[in-house]
Each structure stands twice: as C-alpha cells, then as structure tokens.
Amino acid sequence: MDTKTYNAVLAELRADRDEIKKARAALARLEAARDKRIRTLAAYEKANAERIAPAAGLSLADIVQIAPALAPEHLTAPGAQPDGENPPPATSGQQAEINVPAHTTRLDEATTPLKRLATPAAPTATTPAALEATAVPSPEPANNTPTAGYGRELPSIPQGPEGNRWFAHTPNLASTRPNFTQQARSTVFLDTATGVLVHRDQTLRLILPDTTAATILQVVFHAIPEGTERIFITAGDPWHHQADCHPFLKDAVAAWLNAPIPGWRTDTGRGKDKMAGHFVHPRNPVGRYQSDNGRFHVEIRSVGEWFDPEGADPAVVRDAFVLLWKTLRAHWNDAVLMGSPSQTGRDLWTRTIPTRGQYADGYPVLSEELRSLLHATAGQGRTELITPPAVPDQLPALVEYDRTFAYAKHTWKSPVGTPRRITAATFASWSEKEQIKALYGCGHWHVRVTVPDTWNHVGILPAPAPGDRAWHYPAKPGTTFTTWAGGPEIHTALTNPIQPWRIEILDGLLFDDGKPLDDWAKKLKEAWSALAAQAGLHGDPVQRHAARLASRAVRSLLLYGIGSFAQRPRMVTGTTPRTHEHDVPDDAEIIGFTDEQITWQRPTGFTRDPNAHPEWAATIWSGARAALLSQRHRDDNAYAGALHAPPGSVVAFRTDAVYLTTPQPWPYHGQPGDYLHKGHLTGPLPAPATEDELLTLRDAGRVALHKTAAATPGEA
C-alpha cells in the first residue's frame, strides 16, 4: 500500500465514522421516543407489561427497566429475586451416575460394559415404595463448577401420585386406520411474477395488476370459471409485496392474508381434512378463503412447503406433483396429495397402521402431561455456529457435509405403549446389563451432565440456553448442567471416540420398542429411490428436473410428517379493529398492527389430535443429532461425524449438515444417512460471525464444488 492509497482509505474511514454517528443518533432518537410511549402507557391503570413487550419488540425485563411501575407483583413482593440471581438452596436427593471404562470406545458392541460409579444417596424414607417416589431434585453444583444454561429451568416429573398419574394414555384417543379416502382437490400452479398459470394440461398467461390476494382470486376465478380449490404459488412471493412497509416479514404476511376481499371471507374448514383460518408464516403462509355464497373454498399456498422449485416454470412444477402422485400410488392405492407435505405424510402413515396384531385398534395417545413434557424437553435439529477462538479467525477452507435423507435412517425403531418411569434409585439398582438395555431402548432421560476436564471438541448434549435461543451445546471443560436427552445422545456422550462424559440419571421415561413407522418409512424410501434414479437417468432434461423436485417432495413428506407427530401447542391468529382494542384476548400476543386493525396470536393448548405422538418425533430427532456427531458405517468398517474430525475444525451444524475446515474420507453410497460432500470453498476465509455469513459461504462453496466436479467428471 502506498501513501496515496493509505490517505484515501483514511478518508473513507472518516466517512464511515460520520455515517455511523448519524445512524446512532437516529437510533437514539427512536429509542427515546419509544421509551416515552412506554412510560405513557404505564400511566394507564390497566397497563400490562406482557402486552406492551411484544408491541415494543422488547423483553419483559427491558419494559420493567424503562417503566418500573409495570413490574409484575411477584418481582416486587418482599424478598423476591429475579430469575437466576439467588438459586434455591441445594436439596439432598438421589442420582445414579453412569460412565464407561476408559478402554471402552463404542457402546454399539454387544459386550460393552456400563460401570456404575455412584449409588443413590440414602433416602429419607425406608420402604421400597417410598424410595420410588422420593423426589430427585437437581442440587446446585459447587461454586467452582461452571454451569451452562442457568436461568431457564426445564420441567421435571412431579414426585408421588401426581407424577405417577402422568404415565397413562389419553382416554378414547388413538391413531387408527382411516375408513375413508381423502378427497382430491382441483389444483392450479401460478407464477405471480410472470402471470403464467397452469391448470391441468392448459397453460394460460394472466394479467395481474398487483399481487394482492383479492387480485389473485379475482383473476384466477375469471380464467377458470368452474373454480379451483388450491392455488400453488410457484414464484413471486406475493405475500411479501409490501414487506418494506412493515418492521417484520411476518407482519407483512399477516397483513396480506387478512386484507379484506370483496365477495370472500376466511374459510372455516370442511371435509375430513378440515383446516380453518389462515396460517401466518414468513415464507410459506397459507391463505384459506371461502366465497360469501359458500360455493367456493380455496387455499393459496406456497410450493416452497414441498421443495425449492429452483426457478422451474409452473408446468415443470405441475409435472413434479403428477410424478410424485403416480410414484406414491405404487405403494398406496388410495394416495392423495393434500395441501402440505405434513398433512400428506401423516395421512399416508395412518394408512399403514396394521389391521392385525397388538395395535390393530390403533396407537394410543400419551397423556397431555407427558406430551407437554416432551414438547418442552425434546429439541429438533441442531443449529450451532462456532466462532473464534474455538475455530481459527481465518479458515483454511469451508467444507460442507450433508446427511442424505437423514431422518429416514432413524425410523426403524420407535417407542410404543405406556412408558415406565425410571427413577434414579431404580436405575442404580439395576445390573450393568439392565442399564445397557435401557439406554439402548426407546427412552427419554433427565440427566445431570459434566463435560470432562480435558475435553477439546464440540459439545455433545443439548442444554437449555439462556435468552431467546432454545438450546445450546456446552463444551467447556468441567461444565455441569441438567437437561433431558434421548438414548442415542446418551450413548454418544458415554462412548464417543475421544473421552466418555459423566452422566447422572435423575429420572426417565422408558418405552417398549416397536416399529410403528417402519412400513411407512420403507415405502417413502422406495419412492425416493425410484424418483432419484429417474432424476439421474431420464433422457428428457425437463423430466429429470421434475423427478428431482418430486424426490425432494418425498423427503418433505417424511421430514414434515415426523414433525407433525410432535403436535406443538396450537396457536390461533386473529385480527381486531383498532377501534375495539379492548376486545383483544388478554393472553394474546400482538404480532402486528396497522392503522385499521391489530393482528394477534394466542396459544390454545393441545387439541385432541388422534395422531399426536411426540415420543416418535423426539426419538428420531435424538438419533439424528447423535449421528451428526458419530455414525458407524458397518459395511465400510468406518465412522463419520463431527467427533471424527480434528478438534477445532468444526465450524457449524445445521440440522443435517456439518461444516468443517478440512475434508474427510467419509464413505458415501447415496443411502439415507450417508454424508454427502456438498460444498467446498478454499480459503483462507474469515470465520463467519453470523448465520447469514455462514449461508453466504455455504452457497459459494456449493457453486465452487459444482464447478470443480464439472471440470473433472472422472474424479467426481
């Protein structure tokens, strides 16, 4: 760099400084105005911090700091302490500590011993019955022991009869095989950017003066007088057309869905697959409308629910859905494509429920208490960005490995029946063989975990994270935390290739092993394989593209079908005119507002869903997270996963993918669960500090690897 360049960059730096000062001043003015409005609201005698916080985009703590008068009573009562400042005193309890000998490297060897290093503390009661019901609290670690996730406590099972009552099924609620055939819906495919509409074998070009829901319905029903029941948007994202007018993308979507449409109103649902009301999602929303005369019912949906169309025109997308339907018909003679992959996947599963045997009458649904516990304690995919100093500031490369059709690898065994409660005392009383069998089984365990003092790799078990994030993965040596985890992750913590972790069993659910998803998953895997083969071998490039999209739709059927078993507590979205703000439900969260109306959402708890099986989703998710760390390839006598890469080389995890700084010799045969080398960007590269930066590098790495493979097809 010469003097001229040096002075020029200095001038640019000064300009940046001035712009930053202006932006900070503008931000300060906005924040001051916001705080003034909050204090004005606080003067209202019925002001509620829980209502004000989401409207201001702040946490409750921030609201209380600005307007102390809004502090909840439990925080202002004498002796009250904010969460996380004065922990409760340690209480003596019982725990069973488990570990493995140093020489043991894999738990998936039949002869692996499991050594109990500690037995339960002496209980206060003396009878065996009281011993089973004795509380097992999580005593605070010593002051010199680092903790993780403190500030968000996970729920536990109550002691005594109240907790025992949880271990049951919901009366008269079970998953049963349907005795009806789903109704096929007339569907069209519309690109709102170009106006191209595909209806059966017809391709039309519409003139769309704008992309409001009102215009789309008016123009489509003018072009197709007999009507349609489903409009798939293949491109254009019309629900984002006023995104610049709203602070959040979800607000723009809600405004688009709820805008008044002459002659139409929000649909109230119909049929066996009845779905009512709009679904507000920032990228894949669903608008459900019915005509005022009741003649027409129609959904406006994004094809992005099923797959990324990759710029395909509506005719190719139509061909992909036709190909998907024909392929599924080879396995289900009554297969019907519904609006979403989660609806379709779960409907296809119900048609594999056995008509004979133990579960011919259906799979009973767990008690609401156990479903709530699993919902709160069983996370989904692992998403984690590891930043310096845990990785170098300058990465030598960014290499992406993505597990192919990952969840299909973990459906061969699932929990069935009413679970047994396994207390710490019960677990400690078992033999090593019984303990190993339990941890191999379908279980969900409440554990206290300690990271080894010499640990130098990524974290293994999820911990409840402070702040807005749901989970993180402690890796700091000596850290102790309490969490819930599935058997596969417990196995990995005890038998990883580096060093066993210390695990103490506090409580647990143990199910019988079953195969409720096996037949369903096998059929989907066969459909996926057939479509993937067509995508690689078909002579027509258009049909190859359609087959590739259809194969990804099969992946979505399984992925979102599994997610639908989790049955999250239902959220209802509604709107209220600004002139009737007092009509907004007290337990509702304000998610958007305009000059005319307020958009809100509120939880309604769990519905009586006969297909709610969060225990299945939790088991699959746990297995997938464990395989992201360590997975055995028996045919190759090899292992793959993040823990088999060098320490300091793991940059990120994203559900089924791991990002490394060095390539790995992991076997790939195109089978579910195999690690596909999907991207490779040569460095040096600055380590990503945000998710957006990671995704930018990821996309560049995929392009770079594709170019390399095209240039050297023999090696690829």
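Since we're looking at a predicted model, the values are computed, not measured. All residue numbers in this chain count up from 1 along the given sequence.
The residue from Ile503, Leu629, Val451 that alone fulfils the side-chain contact (heavy atoms from CB on, under 4.5 Å) condition with Leu461 is Ile503. Applying side-chain contact (heavy atoms from CB on, under 4.5 Å) to Arg403 and the options Leu676, Leu628, Asp674 leaves one that passes, Leu628.
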Distance-only donor-acceptor hits, side chain of residues 610-622, under 3.5 Å, sequence neighbours excluded:
{"from": "Asn611", "atom 1": "OD1", "to": "Ser175", "atom 2": "OG", "distance (Å)": "3.2"}
{"from": "His613", "atom 1": "ND1", "to": "Glu615", "atom 2": "OE2", "distance (Å)": "3.1"}
{"from": "His613", "atom 1": "NE2", "to": "Ser175", "atom 2": "OG", "distance (Å)": "2.6"}
{"from": "Trp616", "atom 1": "NE1", "to": "Pro415", "atom 2": "O", "distance (Å)": "2.7"}
{"from": "Thr619", "atom 1": "OG1", "to": "Glu615", "atom 2": "O", "distance (Å)": "2.9"}
{"from": "Ser622", "atom 1": "OG", "to": "Glu489", "atom 2": "OE1", "distance (Å)": "2.8"}

Which is it for Phe167 and Leu509 under the side chain to side chain contact (heavy atoms under 4.5 Å, CB included) test, yes or no, and what are the steps along the way? CA-CA 9 Å; Phe167 289 78; Leu509 318 177; 3.3 Å; yes

Take Ile422 and Ile505, measure what side chain to side chain contact (heavy atoms under 4.5 Å, CB included) needs, and give me the verdict at the end. CA-CA 9 Å; Ile422 308 300; Ile505 298 292; 5.6 Å; no

With side chain to side chain contact (heavy atoms under 4.5 Å, CB included) as the test, would you mind laying out the steps for Glu305 and His281 before giving the verdict? CA-CA 11 Å; Glu305 292 183 88; His281 186 279; over 6 Å; no

Step-by-step salt bridge (Lys or Arg N to Asp or Glu O under 4.0 Å) determination, Arg346 to Asp609: CA-CA 12 Å; Arg346 198 161 65 164; Asp609 184 351; 2.9 Å; yes

Between His331 and Leu348, is a side chain to side chain contact (heavy atoms under 4.5 Å, CB included) present by the stated rule, with each step listed? CA-CA 10 Å; His331 302 282; Leu348 293 176; over 6 Å; no

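Under the side chain to side chain donor-acceptor pair (under 3.5 Å) criterion, Asp402 pairs with no residue, sequence neighbours left out. Partners of Asp656 according to the salt bridge (charged side-chain N to carboxylate O under 4.0 Å, His left out) rule, which considers only residues two or more places apart in sequence or in another chain, are Arg555. Legend: residues meeting ring-ring contact (aromatic ring centres under 6.0 Å, His included) with Trp666, ordered by chain and number and at least two apart, are Tyr401, Tyr675. In this structure, the ring-ring contact (aromatic ring centres under 6.0 Å, His included) partners of Phe307, at least two apart in sequence or on a different chain, are Phe321. Here Trp484 pairs with His444, His446 under the ring-ring contact (aromatic ring centres under 6.0 Å, His included) rule; sequence neighbours left out. Arg654 is linked by a side-chain contact (heavy atoms from CB on, under 4.5 Å) to Thr383, Tyr659, Glu691, Leu694, Leu695, Arg698, counting only residues two or more places apart in sequence or in another chain. With sequence neighbours excluded, no residue forms a ring-ring contact (aromatic ring centres under 6.0 Å, His included) with Phe653. A search for salt bridge (charged side-chain N to carboxylate O under 4.0 Å, His left out) contacts involving Asp518 returns Lys522, not counting sequence neighbours. In terms of the side-chain contact (heavy atoms from CB on, under 4.5 Å) criterion, residue partners of His457 (sequence neighbours excluded) are, by chain and number, Trp455, Ile498, Leu643, Pro647, Val650. In terms of the salt bridge (charged side-chain N to carboxylate O under 4.0 Å, His left out) criterion, Arg420 has no residue partners (sequence neighbours excluded).
Gln631 places a side-chain N or O within 3.5 Å of a backbone atom of Gly673 that can act as its donor or acceptor partner. Using modelled atom types, no side-chain atom of Glu368 and backbone atom of Thr170 make a donor-acceptor pair closer than 3.5 Å. Panel note: side chain Ser414, backbone Gly514; no donor-acceptor pair is recorded below 3.5 Å. Side chain of Arg552 to backbone of Trp306: no donor-acceptor contact under 3.5 angstrom is found. Not a single donor-acceptor pair under 3.5 Å links the side chain of Ser630 to the backbone N or O of Gly641. A distance-only check finds a donor-acceptor pair linking the side chain of Arg625 to the backbone of Gly379 [under 3.5 Å].
Taking the six-membered ring where the residue is Trp, Tyr363 and Tyr359 present parallel rings, their angle staying beneath 30° rather than reaching 60°. Ring geometry for Tyr639 versus His644: interplanar angle under 30°, hence parallel rather than tilted (30 to 60°).
Listed by first and then second residue, the salt bridge (Lys or Arg N to Asp or Glu O under 4.0 Å) pairs involving residues 349-360 are Asp334-Arg351, Asp347-Arg351 (not counting sequence neighbours).
Looking at every heavy atom in both residues, Lys409 comes nearest to Trp412 through O-CD1, 3.7 Å. Pairing each heavy atom of Thr377 with each of Trp471, the nearest pair is O-CH2, 3.6 Å. Annotation for Ala624 and Tyr407: closest pair CB-CE1, 3.6 Å, computed over non-hydrogen atoms. Of all non-hydrogen atoms in Ala463 and Phe481, the two that sit nearest each other are CB-CD1, 3.4 Å. Closest non-hydrogen pair, Pro474 versus Thr479, comes out as CB-CG2, 4.1 Å. Closest non-hydrogen pair, Val554 versus Leu524, comes out as CG1-O, 3.3 Å.
Between Gln159 and Asp507, some side-chain heavy-atom pair lies under the 4.5 Å cut-off. Proximity of Trp520 to Leu557: side-chain heavy atoms (C-beta onward) are nowhere separated by under 4.5 Å. Side-chain contact between Val449 and Ile460 is absent, with no heavy-atom pair separated by less than 4.5 Å.
Judged by distance alone, the side chains of His669 and Asp636 do bring a donor and an acceptor atom under 3.5 Å apart.
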